[in-house]
**Student:** 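Quick one: the structure is below, questions incoming.
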Amino acid sequence: GDGVFKYYSSGEWKKSSSGKSVPIINPSTRQPHFKVQACTQEEVNKLIEEAKTAQKSWAKTPLWKRAELLHKAAALLKEHKVPIAECLVKEIAKPAKDAATEAVRSGDLVSYCAEEGVRVLGEGKFMVSDSFPGNERTKYCLTAKIPLGVILAIPPFNYPVNLAVSKIAPALIAGNSIVLKPPTQGAVAALHMVHCFHLAGFPKGLISCVTGRGSEIGDFLTMHPMVNCISFTGGDTGIAISKKAGMIPLQMELGGKDACIILDDADLDLAAANIVKGGFSYSGQRCTAVKVVLVMESVANALVEKVKAKVAKLTVGLPEDDSDITPVVTESSANFIEGLVVDSKQKGATFCQEYRREGNLIWPLLLDNVRPDMRIAWEEPFGPVLPVIRITSAEEGIHHCNASNFGLQGCVFTRDISKAILISDAMETGTVQINSAPARGPDHFPFQGLKDSGIGSQGITNSINMMTKIKTTVINLP
Ligand code: G3H
């Protein structure tokens, strides 16, 4: 055709009546690579209405049948691993191996969700009235979990497939319908993922995928009166959405400034390996990346040396070659990162490597002796630049972590488990990892951020529960 990928509505692939398209820029070449439809508000309206209708009969479809379809989609996702991964390489410059892992992890997430769903949703509660003062045993209460309706799923560019299915699968198993708005970069990978659900044979209109410009359809989607729940992962846009959305449940996973606290009794080799993996995998473009190292002065030199040695071994180049460090997602992102680097240079940070950039490709950079007056101490670069702040007590580290407006995850390295637990209790973050880098997975663990890092909790069981409402029926005996 005209080379513009179609959007998905009413179980069919369609062209937008706008006649317009949105280009997807390959971060490595900075040239347009794909095009997707620029959908209109009328098209959004139509697919949301269809989602409402399709949801009614889907909610009556036996749970085991819903699970069966999800298992089919999961198997298809794994079969389509190669083309999905290829899109991720071209659209978001994800290293080839990580791109393939994302597809497989997504298939696993969908099947786990189907299995968990049949258990979580397959049982309810039975209560009697005489446990509350003044009541006889004349009321029997039955509880069940019912779907919310239409779920709007908005995943971010860094996991356009995995963070889409982490919303889609819990929504569907619980009897909801799905309207997916993928990020522009990653949209074609997401369309391919939706194709797997299409092939699995879900009813028409139950799942739709709308592409286009946020300026045209963003608010229209998030403020639509027929949307019953929004599950969003991304940046500041989430804060704006939460202010504009109606009286509906919101699941938000926003930014992070995950701190890594290193005590003087830490296993420094383990810490260094986790700092490099946590700070630089996918070039630091993960909400759970290590974004600030807070190390005790007594071991700081030794730690920085070990981290430097590992950074030197990172390969820098193209995602097709499976390089460790690949171009960041957009030129504006690269410019933002550079701004943080320049600021830290002016304010006297120690550069452990020379700063180097070619196009969107930024070489990994460790900044030592960072101080609180530098922007990099607080802001999220979402790139391969990692600040190190030297501390003289664990309290100082905890204080820096808690002074952040973010509260996603954090980690602490020490051989003293009691100390680690006390520090975990004191850190105001949704998760604290002891002796490992922050990470969302395994995907059935609860995943949540405090403060500006989010609303609600994810992880398979929590998402299923969040996308349902309790319904009770009370039997009144004579
Ligand atoms: O970017 C945000 C993701 O939820 C992080 O997931 O820890 O598996 O990279 P991850």
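Atoms within each ligand, like the ligands themselves, are counted from 1 in listed order.
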**Student:** Taking all atoms of both residues into account, what is the closest heavy-atom pair of A38 and V22, and its distance?
**Tutor:**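 What the structure gives for the nearest pair is CB-CG2, 3.9 Å.
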**Student:** For atom 6 (O) of ligand 1, which protein heavy atom lies nearest, and how many Å away is it?
**Tutor:**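 I find the closest protein heavy atom is R440 NE, 2.9 Å.
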**Student:** Which residue supplies the protein heavy atom nearest to atom 9 (O) of ligand 1, what is that atom called, and how far is it?
**Tutor:**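 The closest heavy atom on the protein side is Y159 OH, 2.4 Å.
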**Student:** Go through the steps to decide whether E320 and K90 satisfy the test salt bridge (charged side-chain N to carboxylate O under 4.0 Å, His left out), and finish with yes or no.
**Tutor:** CA-CA 8 Å; E320 286 84 353; K90 301 296 180 197; 2.6 Å; yes
**Student:** Checking K345 against F351: charged group under 6.0 Å from the ring centre and within 45 degrees of the axis?
**Tutor:**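 Yes.
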**Student:** Can you tell me which residue among K97, R286, K94 is in a salt bridge (charged side-chain N to carboxylate O under 4.0 Å, His left out) with E102?
**Tutor:**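 So the option named by the test is K94.
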**Student:** With heavy-atom distances below 4.0 Å as the criterion, list the atoms of ligand 1 near E253.
**Tutor:**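 In order of numbering, the contacting atoms are 2 (C), 4 (O).
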**Student:** Distance to 0.1 Å, residue and atom name: give those for the protein heavy atom nearest to atom 2 (C) of ligand 1.
**Tutor:**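 So the nearest neighbour among protein heavy atoms is C287 SG, 2.1 Å.
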**Student:** Taking C-beta and beyond as the side chain, do I376 and D343 meet within less than 4.5 Å on heavy atoms?
**Tutor:**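 No; the side chains remain at least 4.5 Å from each other.
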**Student:** How does Y282 reach ligand 1, if at all, at less than 4.0 Å between non-hydrogen atoms: by side chain, backbone, both, or neither?
**Tutor:**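 The answer is neither; Y282 stays 4.0 Å or more away.
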**Student:** Taking atom types as modelled, find out whether T233 and K167 have a side-chain donor-acceptor pair closer than 3.5 angstrom.
**Tutor:**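 Judged by distance alone, the side chains do pair up.
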**Student:** What atoms of ligand 1 come closer than 4.0 angstrom to any heavy atom of F447?
**Tutor:**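 Matching atoms, with element in brackets: 4 (O).
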**Student:** Which heavy-atom pair separates L180 from A164 by the least distance, and what is that distance?
**Tutor:**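 Here L180 and A164 meet closest at CD1-CB, 4.0 Å.
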**Student:** Can a non-hydrogen atom of R105 be found less than 4.0 Å from any atom of ligand 1?
**Tutor:**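 Heavy atoms of R105 do come under 4.0 Å of ligand 1.
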**Student:** Would you mind listing which atoms of ligand 1 come within a distance below 4.0 Å of any non-hydrogen atom of N158?
**Tutor:**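 Counting atoms of ligand 1 from 1, those under 4.0 Å from N158 are 1 (O), 2 (C).
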**Student:** Please could you name the atoms of ligand 1 that R286 approaches to less than 4.0 Å, counting only its heavy atoms?
**Tutor:**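 In order of number, 1 (O), 7 (O), 9 (O), 10 (P).
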**Student:** Judged by non-hydrogen atoms, does Q285 sit under 4.0 Å from ligand 1?
**Tutor:**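 In this structure, Q285 fails to qualify as a contact of ligand 1 - no heavy atom is under 4.0 Å.
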